[in-house]
Amino acid sequence: VANPIFDIKYYAANNKHVKEKFGNDRLAIMEYYLNIGYKEECYTTAHADLGNDFYATMGTTITSANVLSFSGTNVAMYKKDSSNNQIWHFIKKSDGTYEIINLANGLALTVENNGRDAMTNVMLAENVHASGQRWFIYETSGGYYLRPVSSTECVLDIYAANTANGANVIVYSSNCTDAQKFIIEK
């Protein structure tokens, strides 16, 4: 039975060291996560200061071919083409968070229903300055993790570390994988 808070198969698939050590032993993987995995720190607690107002694309460290974009209002990773669909306006707020607005349509990067749980979809919506539309950005080696204000545990994530064109974007429990490490290119 799938657990909306913690998906063992997803965690193992996105943490190669766990998969190599425990294979498909679900109990061992869960025990590892409970005893060690959730404590793994992949970014500092200090918010990154990337500037107050800038435009950028957001790629990922798992593939350089795709960047954050959308289809309809669903956010996904698409082949880089430098269209306005793939350019994001970062606006820093007084609390250190960023609102991230798409250049093509003026809609905000939004966690659906201001969700706080793993596996919640990321979409575009009218910017109403909600907690699911403000993002803390944390620097890590080679990239950034983005955590919505609406969640204390989840960060922006490419579902199942999928490198295909159209791979869906969600928030998921922070697990220090490359599926959660984004490259912000001004």
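As the structure is a prediction and not an experimental result, all values here were calculated from the model. The first residue of the sequence shown is numbered 1, and numbering continues consecutively from there.
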Participant: Under a 4.5 Å cut-off applied to non-hydrogen side-chain atoms, are L124 and V75 in contact?
Facilitator: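 They are in contact (side-chain heavy atoms under 4.5 Å apart), so the answer is yes.
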Participant: Please report the closest heavy-atom contact between C154 and D117, naming both atoms and the distance.
Facilitator: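 Residues C154 and D117, closest heavy atoms: SG-C, 3.7 Å.
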Participant: Between H47 and Y138, what is the ring plane arrangement, given parallel below 30°, perpendicular above 60°, and tilted in between?
Facilitator: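 Correct class here is perpendicular.
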Participant: According to salt bridge (charged side-chain N to carboxylate O under 4.0 Å, His left out), does anything in residues 154-168 pair up with another residue at least two apart or in another chain? List the pairs.
Facilitator: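 For residues 154-168, and leaving out neighbouring residues, there are no salt bridge (charged side-chain N to carboxylate O under 4.0 Å, His left out) pairs at all.
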Participant: Are V155 and M77 in one and the same hydrophobic cluster, where Ile, Leu, Val, Met, Phe, Trp and Tyr link if side-chain heavy atoms are under 4.5 Å apart?
Facilitator: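 As far as the 4.5 Å side-chain criterion goes, M77 and V155 are not connected within one cluster.
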Participant: My understanding is that only residues two or more places apart in sequence, or in another chain, count here; which of them pass ring pair (Phe, Tyr, Trp, His ring centres under 6.0 Å) with Y144?
Facilitator: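 Once residues adjacent in sequence are excluded, Y144 has no partner under the ring pair (Phe, Tyr, Trp, His ring centres under 6.0 Å) criterion.
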Participant: Quick check for you: to the nearest 0.5 Å, what is the distance between K80 atom NZ and S64 atom OG?
Facilitator: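 That separation rounds to 7.0 Å.
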Participant: Please give me the minimum heavy-atom distance between G166 and A76, naming the atom from each residue.
Facilitator: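 Heavy atoms only, the tightest pair is O-CB, 3.7 Å.
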Participant: For residues N175 and T177, is any side-chain donor paired with an opposing acceptor at under 3.5 Å?
Facilitator: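 Yes, a side-chain donor-acceptor pair sits under 3.5 Å.
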Participant: If you apply the rule side-chain contact (heavy atoms from CB on, under 4.5 Å), what do you find for K9 with R26, and how did you get there?
Facilitator: CA-CA 8 Å; K9 288 172 69 176; R26 295 169 59 88; 3.6 Å; yes
Participant: Say whether I100 and F54 are linked into one hydrophobic cluster, either directly or through other cluster members, by side-chain heavy-atom distances under 4.5 angstrom.
Facilitator: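 As far as the 4.5 Å side-chain criterion goes, F54 and I100 are connected within one cluster.
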Participant: Who pairs with A65 by side chain to side chain contact (heavy atoms under 4.5 Å, CB included), at least two apart in sequence or on another chain?
Facilitator: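 Side chain to side chain contact (heavy atoms under 4.5 Å, CB included) list for A65, sorted by chain: T63.
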Participant: Would you say the side chain of L146 lies within less than 4.5 Å of the side chain of M58, judging by non-hydrogen atoms?
Facilitator: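 Yes. Closest side-chain heavy atoms under 4.5 Å.
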Participant: Applying side chain to side chain donor-acceptor pair (under 3.5 Å), can you list everything that pairs with N127, at least two apart in sequence or on another chain?
Facilitator: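 Residues passing side chain to side chain donor-acceptor pair (under 3.5 Å) with N127: E99.
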Participant: With a 4.5 Å limit on heavy-atom distance, are the side chains of V122 and V171 in contact?
Facilitator: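 Yes, side chains in contact.
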Participant: By side chain to side chain donor-acceptor pair (under 3.5 Å), which residues pair with T110, not counting sequence neighbours?
Facilitator: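 Side chain to side chain donor-acceptor pair (under 3.5 Å) list for T110, sorted by chain: Q133.
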Participant: Do R116 and T152 have side-chain heavy atoms sitting under 4.5 Å apart?
Facilitator: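 Sidechains of T152 and R116: no contact.
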Participant: Does N113, at its CG atom, have more than 12 non-hydrogen atoms belonging to other residues, nucleotides or ligands within less than 6.0 Å?
Facilitator: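 It does not: N113 CG has 12 such atoms or fewer within range.
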Participant: Considering residues at least two apart in sequence or located in another chain, which fulfil the ring pair (Phe, Tyr, Trp, His ring centres under 6.0 Å) criterion with Y78?
Facilitator: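 With neighbours one apart ignored, the set is empty.
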Participant: Could you tell me which non-hydrogen atom of I29 sits nearest to which non-hydrogen atom of G23, and how far apart they are?
Facilitator: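 Heavy atoms only, the tightest pair is CD1-O, 3.6 Å.
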Participant: What residue pairs, at least two apart or across chains, pass salt bridge (charged side-chain N to carboxylate O under 4.0 Å, His left out) with a residue in residues 123-132?
Facilitator: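 Checked against salt bridge (charged side-chain N to carboxylate O under 4.0 Å, His left out) - neighbours excluded - no pair reaches residues 123-132.
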Participant: How close do I184 and A56 get, counting heavy atoms only, and between which atoms?
Facilitator: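 Looking at all heavy atoms of both residues, the closest pair is CG2-CB, 3.7 Å.
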Participant: L156 and F182: which non-hydrogen atoms are nearest, and at how many Å?
Facilitator: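 Taking every non-hydrogen atom into account, O-CE1, 3.6 Å.
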Participant: Roughly how far apart are D25 CG and M30 CE, rounded to 0.5 Å?
Facilitator: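 With rounding to 0.5 Å, CG (D25) is 12.0 Å from CE (M30).
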Participant: Side chains of W88 and N102, heavy atoms from C-beta outward: is any pair under 4.5 Å?
Facilitator: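 They are in side-chain contact.
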Participant: Are L109 and L68 side-chain neighbours, meaning at least one heavy-atom pair lies under 4.5 Å?
Facilitator: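 They are in contact (side-chain heavy atoms under 4.5 Å apart), so the answer is yes.
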Participant: Please list, chain by chain and in numerical order, all residues satisfying side chain to side chain contact (heavy atoms under 4.5 Å, CB included) with D95, sequence neighbours excluded.
Facilitator: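 K93, T97, R134.
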Participant: Just say parallel, tilted or perpendicular for the rings of Y55 and H89, cut-offs at 30° and 60°.
Facilitator: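 If you compare the ring of Y55 with that of H89, the planes turn out parallel.
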Participant: Are any side-chain N or O atoms of T60 and backbone N or O atoms of D178, one a donor and one an acceptor, separated by less than 3.5 Å?
Facilitator: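 Yes, T60 side chain to D178 backbone: donor-acceptor pair under 3.5 Å.
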Participant: Looking only at heavy atoms, what is the nearest atom pair of I158 and A167, with distance?
Facilitator: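 In this case the closest contact between I158 and A167 is CG2-CB, 3.9 Å.
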Participant: Using 0.5 Å steps for rounding, measure from the CD1 atom of I62 to the CD1 atom of I183.
Facilitator: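 Atom-to-atom, I62:CD1 and I183:CD1 are 10.5 Å apart.
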Participant: Could you pull out all residues at least two apart from N121 that satisfy side chain to side chain donor-acceptor pair (under 3.5 Å)?
Facilitator: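 With neighbours one apart ignored, the set is N74, N168.
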Participant: Report yes if some heavy atom in the side chain of V111 is under 4.5 Å from a heavy atom in the side chain of W135; otherwise report no.
Facilitator: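 Yes. Closest side-chain heavy atoms under 4.5 Å.
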Participant: Restricting to ring pair (Phe, Tyr, Trp, His ring centres under 6.0 Å), what partner residues turn up for Y159, sequence neighbours left out?
Facilitator: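 Y159 satisfies ring pair (Phe, Tyr, Trp, His ring centres under 6.0 Å) with Y10 once adjacent residues are dropped.
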Participant: Strictly by salt bridge (charged side-chain N to carboxylate O under 4.0 Å, His left out), give each pair with a member in residues 48-73 just once, sequence neighbours left out.
Facilitator: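 As it turns out, the salt bridge (charged side-chain N to carboxylate O under 4.0 Å, His left out) pairs with a partner in residues 48-73, which skip direct neighbours, are D49-K92.
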Participant: Less than 4.5 Å apart, side chain to side chain, heavy atoms only: is that true for F70 and L107?
Facilitator: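 Sidechains of L107 and F70: no contact.
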Participant: Holding to side chain to side chain donor-acceptor pair (under 3.5 Å), I want the full list of residues that pass it with D81, two or more places apart in sequence or in another chain.
Facilitator: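 Expected list: S83, Q86.
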